[in-house]
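Every chain is numbered from 1 and lettered A, B, ... according to where its sequence line falls, protein lines coming before strand lines. The figures here come from the full heavy-atom set of this structure, side chains too, leaving out hydrogens, waters and symmetry mates. Keep in mind the model is a prediction, meaning the values are calculated, not measured.
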Protein chains: 2
Amino acid sequence: MTRTAKNTRRALPKEVRKEQLIQATVRCIAKHGLSGVTMALVTGEAGLSMGIANLHFKSKDKLLLETLQFVTEEYAQGQNAILDSDTVASTADKMAALLEFDFSPGVTEKNKLAVWFAFLGEARSRPTYRRICSRQDAKADEKIAALFQRALDEAGDKKADAALLASGYIALVDGLWLNSLVDPRRLPWKKAYRSARHYLASAFPQHISLDQ
Amino acid sequence: MTRTAKNTRRALPKEVRKEQLIQATVRCIAKHGLSGVTMALVTGEAGLSMGIANLHFKSKDKLLLETLQFVTEEYAQGQNAILDSDTVASTADKMAALLEFDFSPGVTEKNKLAVWFAFLGEARSRPTYRRICSRQDAKADEKIAALFQRALDEAGDKKADAALLASGYIALVDGLWLNSLVDPRRLPWKKAYRSARHYLASAFPQHISLDQ
DNA sequence: GCAATAAATGAATGACCATTCATTCATGGG
DNA sequence: CCCATGAATGAATGGTCATTCATTTATTGC
């Protein structure tokens with residue numbers, strides 16, 4: 001009855017409550033899987049009452065969609081901050097920053113990646129999931145291909161295919177994330193990082209070095 | 001009442017029924033997602049009655065596990081046939097065969113890949129799923145690393161790291177599959193294949209060529 | 001043919017879970 | 001200080017679904 005945190009009921013504005021619930025949903029998906037989340041689990045994890053999620057999100061489906069959107073947009077924002085920054089970075093710096101970002105703690109955090117792959121696993125049968133996942137990706141594809149093209153130009157390389165290298169990098173990072181997430185003993189995060197770095201160093205030797 | 005295929009009830013031995021049901025489960029997971037499969041959907045898809053799945057598999061959970069195992073083992077068998085064949089292939093031939101196999105129609109079939117990634121999406125929260133996925137993978141890791149090491153030796157390359165290249169190849173293929181599966185317009189299968197080939201050609205120029 | 005056996009059926013059961021809504025309770029304006 | 005507002009609660013509701021099992025139907029040995 002008199003839980004410390006509960007004494008202040010109400011108190012919080014809509015947006016704060018929604019984010020609380022989304023964060024709780026992320027933890028629940030990571031812990032129980034997408035097919036194991038229930039409204040009771042989510043609201044319990046948030047320390048709130050059963051009805052609250054429907055109050056703010058209308059339905060479980062909407063809650064899940066907004067959770068996916070939250071995780072997706074967070075990644076896209078961080079990535080765009082690097083790719084769009086026309087103030088500072090050289091081509092080499094941007095490429096290095098992209099790599100560091102993809103293996104930074106904020107991105108490789110287990111819970112977030114678990115959510116990402118949980119939804120991807122259902123994306124084929126749920127057009128809405130697919131649309132949310134694909135939307136930002138298509139834009140990022142082009143930006144990364146453009147960055148790679150610039151690097152090839154700077155290196156005087158006229159044979160390599162920037163678009164192909166970009167798809168490869170994106171897929172490689174996805175695969176490394178997935179393998180490290182599912183079994184970090186088989187693919188430690190450090191090794192995943194080195195693998196991605198090796199890919200870039202091999203394609204752009206003048207921009208990315210192998211070591212460090 | 002008198003459906004053509006139904007006149008012969010019973011008729012079929014246990015093993016045939018089980019595989020029928022597993023195949024139906026594969027199609028249902030691909031169509032409805034792992035969280036959307038119900039016993040009614042699966043048995044309906046197989047053209048049989050509700051109770052049949054529990055009769056042969058004891059529970060829904062067991063049916064799903066055996067389905068995952070079926071898909072996993074089919075892939076592992078095809079892959080081992082290549083990696084273990086000590087009768088014929090040279091290092092270069094094995095590498096080429098591995099690549100062709102990974103993008104052969106039997107492997108890239110949508111339904112099977114959809115099942116694979118559906119389970120991977122839940123693998124973190126379900127130790128049993130993870131164990132089934134990891135079991136064969138660990139063995140394959142070593143075999144591919146050994147193959148790559150042989151190629152490096154043949155090329156006189158003493159600097160490259162075969163284990164790192166192997167993890168990279170495996171992750172790249174996973175990522176390419178996933179991207180092509182989720183949105184084939186963004187990453188057509190042909191392009192995915194070329195990307196994987198490019199990876200190998202770049203690491204083993206004396207064994208794999210870029211074109212064809 | 002005729003039990004005896006085993007496979008298959010699908011209506012009935014019970015568990016679980018999303019959603020609802022009458023009620024409770026903080027908050028802030030008057 | 002008190003009422004009006006709307007956030008928050010959680011017991012109750014209804015729907016979905018896995019599982020069971022009494023019954024039906026094919027098969028096999030005699």
Task: Pairs where residues 27-37 of chain B contributes a residue and the test salt bridge (charged side-chain N to carboxylate O under 4.0 Å, His left out) is met, not counting sequence neighbours - done: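 Only B:Arg27-B:Glu45, B:Lys31-B:Glu45 qualify under salt bridge (charged side-chain N to carboxylate O under 4.0 Å, His left out).
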- [ ] Can you run down the salt bridge (charged side-chain N to carboxylate O under 4.0 Å, His left out) pairs that involve residues 64-75 of chain A, sequence neighbours left out, and say none if there aren't any?
- [x]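 As it turns out, the salt bridge (charged side-chain N to carboxylate O under 4.0 Å, His left out) pairs with a partner in residues 64-75 of chain A, which skip direct neighbours, are A:Lys18-A:Glu66, A:Glu74-A:Lys112.
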TODO: Inspect the contact between A:Asp183 and B:Arg130 and indicate whether a charged nitrogen and a carboxylate oxygen are less than 4.0 angstrom apart.
DONE: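 Between A:Asp183 and B:Arg130 there is no salt bridge, as every charged N stays at least 4.0 Å from the carboxylate O atoms.
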Task: Within residues 19-33 of chain B: residues closer than 4.0 Å to DNA chain D (heavy atoms) - done: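 Correct list: empty, so none.
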Task: Distance, rounded to the nearest Å, where A:Leu55 contributes CG and D:dT9 contributes C1' - done: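 My rounded result for the distance is 10 Å.
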- [ ] Using atom CD1 of B:Ile52 as one end and atom C1' of C:dA8 as the other, report the distance to the nearest whole Å.
- [x]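 About 5 Å, once rounded to whole Å.
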Task: N/O (side chain, A:Arg17) to phosphate O (OP1/OP2, D:dA8) under 4.0 Å - done: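 Yes.
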Task: A:His56 side-chain N/O to D:dA8 phosphate OP1/OP2 under 4.0 Å - done: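 So the side chain of A:His56 is within the cut-off, an N or O lying under 4.0 Å from OP1 or OP2 of D:dA8.
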Open item on the list: Tell me every residue that passes ring pair (Phe, Tyr, Trp, His ring centres under 6.0 Å) with A:Phe70, counting only those two or more places apart in sequence or in another chain.
Closed with: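 Counting only residues at least two positions away or on another chain, A:Phe70 forms no ring pair (Phe, Tyr, Trp, His ring centres under 6.0 Å).
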- [ ] Using five pairs at either end of the helix from C:dG1-D:dC30 to C:dG30-D:dC1, determine the angle between the two local helix axes and round it to 10 degrees.
- [x]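 Comparing the first five pairs with the last five, the axes sit 10° apart.
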Polar pairs (N or O, both sides) under 3.5 Å between protein and nucleotides 14-19 of chain D?
unit_1, atom_1, unit_2, atom_2, d
D:dA18, OP1, B:Lys60, NZ, 2.8
D:dA18, OP2, B:Met39, N, 2.8
D:dT19, OP2, B:Asn54, OD1, 3.3
D:dT19, OP2, B:Lys60, N, 2.7

Task: Pairs touching residues 16-57 of chain B that satisfy ring-ring contact (aromatic ring centres under 6.0 Å, His included), sequence neighbours left out - done: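 Non-adjacent pairs meeting ring-ring contact (aromatic ring centres under 6.0 Å, His included): zero.
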Open item on the list: According to ring-ring contact (aromatic ring centres under 6.0 Å, His included), does anything in residues 108-128 of chain B pair up with another residue at least two apart or in another chain? List the pairs.
Closed with: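 Non-adjacent pairs meeting ring-ring contact (aromatic ring centres under 6.0 Å, His included): B:Phe119-B:Tyr129.
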Open item on the list: Can you list everything that forms a salt bridge (charged side-chain N to carboxylate O under 4.0 Å, His left out) with A:Asp84? Sequence neighbours excluded, please.
Closed with: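 Only A:Lys143 meet the salt bridge (charged side-chain N to carboxylate O under 4.0 Å, His left out) criterion with A:Asp84.
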Task: Residues that B:Lys60 engages under salt bridge (charged side-chain N to carboxylate O under 4.0 Å, His left out), provided they are two or more places apart - done: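 Once residues adjacent in sequence are excluded, B:Lys60 has no partner under the salt bridge (charged side-chain N to carboxylate O under 4.0 Å, His left out) criterion.
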Return all side-chain donor-acceptor pairs below 3.5 angstrom for residues 162-177 of chain B, not counting sequence neighbours, or 'none' if the list is empty.
unit_1, atom_1, unit_2, atom_2, d
B:Ser167, OG, A:Lys191, NZ, 3.4
B:Ser167, OG, B:Ala163, O, 2.9
B:Tyr169, OH, B:Asp102, OD2, 2.8
B:Asp174, OD2, A:Asn179, ND2, 3.2
B:Trp177, NE1, B:Asp102, O, 3.1

Open item on the list: So, using side chain to side chain contact (heavy atoms under 4.5 Å, CB included) as the criterion, who are the partners of A:Ser125 when residues are at least two apart?
Closed with: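 Listed in chain order: nothing, the list is empty.
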